[in-house]
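Data first, discussion second: the structure below is written as structure tokens.
Predicted model, so just to flag it, every value in this text is computed and none were measured. All values below come from the heavy atoms of this structure, side chains included, with hydrogens, waters and symmetry mates left out. Below, chains carry the letters A, B, ... as their sequence lines are ordered, and counting in each starts from 1.
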There are 2 protein chains.
Amino acid sequence: MRHVSLLGYAVLGLLHQEPRSGYDVRRIFANTPMGTFSDSPGAIYPALQRLEKDGFVRSKLQSVSDLRRRRVYRPTPSGRRVFRAWQTKSISSEDVIHRMDELLLRFSFMDQTAGQAAAVRFLRDLTRELRRYTPALRKYLKANARQMPLSGMLALESGARSYEELLRWSKSSLSKYMRRKKGGRG
Amino acid sequence: MRHVSLLGYAVLGLLHQEPRSGYDVRRIFANTPMGTFSDSPGAIYPALQRLEKDGFVRSKLQSVSDLRRRRVYRPTPSGRRVFRAWQTKSISSEDVIHRMDELLLRFSFMDQTAGQAAAVRFLRDLTRELRRYTPALRKYLKANARQMPLSGMLALESGARSYEELLRWSKSSLSKYMRRKKGGRG
DNA sequence: CTAGACATGTAACGCGTTACATGATTAT
DNA sequence: ATAATCATGTAACGCGTTACATGTCTAG
């Protein structure tokens, strides 16, 4: 299995929702909060080509009226497999420290492609790692605050708060899934 | 003035605190919450070489005992200028949406290199931009929540909460600077 | 005496950025 | 007519990742 970039996974996730063209993907990255990803053609089109070359998507040329070409991509079974494997792999402390953005991306498509049980597992793992990491940050802050300039200390404080908010989010999200289960919806 | 990468600015900021070697920088990135940056030699040493080539730092070979070489870098006047210019440039909505990590890095060295007045200006600007952006996120969430799968909605919720927490942080940091001014310390 | 920390580099590779290029269709 | 949107691409460039290479010094 070949390597897929973060942008590649973002695109692959969008293609799981419905078949889309490169331009469709660009519009989503340009106009929605998924806009943390680049909407430049120089990123999207090569990414789609790589995914196709590796057999994770296949494309069809759609000539709706006459000559307005539009290449529409959809995931292949192999593409669905690698996407699901990426989503459901275990969460390491490294992921939490260095790749929080990737974790959120993995989660954002979870229901549609891996199911609610996977979402719950993910949130449980994430909560566990965040519960481990946030005290370490606070401890570092407490140990070094006195000798740091105010701006440095506050920047650290911002990081600590971010992770603490993430932990609250993770817990509250988990309880939302639990309520749904109990309620019998979904 | 040549382009400096984010890693370049992070390194340059650390060199403002005290002269350091590439290995010193690596240790900081490896062992502190500044570890969002790469501590790999393949990133640090070329970055230092670029900074030197562009005249933003200069290095001296330190042969403490006899043959254990150690190349120590410090910023040049030109390096101090570009760093300060980068730190104090105005904050755009684009910065807040796509480059929050860069903004935090700019702020973290603010006291030492641009002064408290610059820190206050920065926080005021940031607060303004965050006050503008967070409602837009909430609005998008409210408009799309019903038709989204739970995981997608929650991922968005996480983003909204992050920015809201950042806004609270920005305000409370500002008031800390104000208190310090009034108290007459610093 | 040897494992681990100290210390600095290089080379291949992948991929995102920026800029350029081209052309069809729709709305003003 | 002509600006904006739809739509897809390519090429040069910069830089971070990964892996390799090399040698010193210190602690057990």
Report task. Return the 5'-most residue of the pair A:D39, B:P41 with respect to DNA chain C, ranking by each residue's nearest nucleotide. Result ->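 Mapping each residue to its closest nucleotide by heavy atoms, the 5'-most match is B:P41.
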Requested in this report: Name the residue closer to the 5' end of DNA chain C, choosing between B:P46 and B:R27 according to the nucleotide with the nearest heavy atom.
Outcome: B:R27
side-chain N/O [X] vs [N] OP1/OP2, d < 4.0 Å:
{"X": "B:S21", "N": "C:dT8", "value": "yes"}
{"X": "A:H3", "N": "D:dT18", "value": "no"}
{"X": "A:R2", "N": "C:dC13", "value": "no"}
{"X": "B:S5", "N": "D:dG16", "value": "yes"}
{"X": "A:Q49", "N": "D:dT10", "value": "yes"}

Of all the choices, [options], which nucleotide is nearest to the side chain of [X] once you look at every atom?
{"X": "B:Y45", "options": "D:dT10, C:dA7, D:dT8", "value": "C:dA7"}
{"X": "B:R70", "options": "D:dC15, C:dT8, C:dT17", "value": "C:dT8"}
{"X": "A:R26", "options": "D:dT8, C:dC15, C:dT10", "value": "D:dT8"}
{"X": "A:A43", "options": "C:dT17, C:dA7, D:dT8", "value": "C:dT17"}

Query raised in the report: Is there a path from B:Y23 to B:L12 through hydrophobic residues (I, L, V, M, F, W, Y) whose side chains come within less than 4.5 Å of each other?
Result: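 No, B:Y23 does not connect to B:L12 through the hydrophobic network.
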Query raised in the report: Would you call the rings of A:Y9 and A:W86 parallel, tilted or perpendicular, where under 30° means parallel and over 60° means perpendicular?
Result: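 If you compare the ring of A:Y9 with that of A:W86, the planes turn out parallel.
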Rounded to the Å, how far apart are [X] [atom1] and [N] [atom2]?
{"X": "A:R69", "N": "D:dA7", "atom1": "CZ", "atom2": "P", "answer": "11 Å"}
{"X": "B:L6", "N": "D:dG14", "atom1": "CG", "atom2": "P", "answer": "18 Å"}
{"X": "B:Y23", "N": "D:dT24", "atom1": "OH", "atom2": "P", "answer": "16 Å"}
{"X": "B:D24", "N": "C:dC6", "atom1": "CG", "atom2": "C1'", "answer": "10 Å"}
{"X": "A:E94", "N": "D:dT17", "atom1": "CD", "atom2": "C1'", "answer": "14 Å"}
{"X": "B:F29", "N": "D:dT17", "atom1": "CZ", "atom2": "P", "answer": "11 Å"}
{"X": "A:L48", "N": "D:dT10", "atom1": "CG", "atom2": "P", "answer": "12 Å"}
{"X": "B:Q62", "N": "D:dT24", "atom1": "CD", "atom2": "P", "answer": "19 Å"}

**Report entry** A:F109 ring center within less than 6.0 Å of A:H16 ring center
**Finding:**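 Between A:H16 and A:F109, the centre distance exceeds or equals 6.0 Å.
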Query raised in the report: Ring centroid separation for B:F107 and B:W169, is it under 6.0 angstrom?
Result: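 Yes, they do, as the ring centres are separated by less than 6.0 Å.
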Look at all strands and tell whether [X] reaches a base, only sugar-phosphate, or nothing, counting heavy atoms closer than 4.0 Å.
{"X": "A:G22", "value": "sugar-phosphate"}
{"X": "B:I44", "value": "nothing"}
{"X": "A:S40", "value": "base"}

**Report entry** Test: B:E157 and B:R161 ion pair at under 4.0 Å
**Finding:**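 Salt bridge between B:E157 and B:R161, a charged N being under 4.0 Å from a carboxylate O: yes.
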Report task. May I ask you to test the B:S21-B:R71 pair for a side-chain heavy-atom distance under 4.5 Å? Result ->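 B:S21 vs B:R71: side chains apart.
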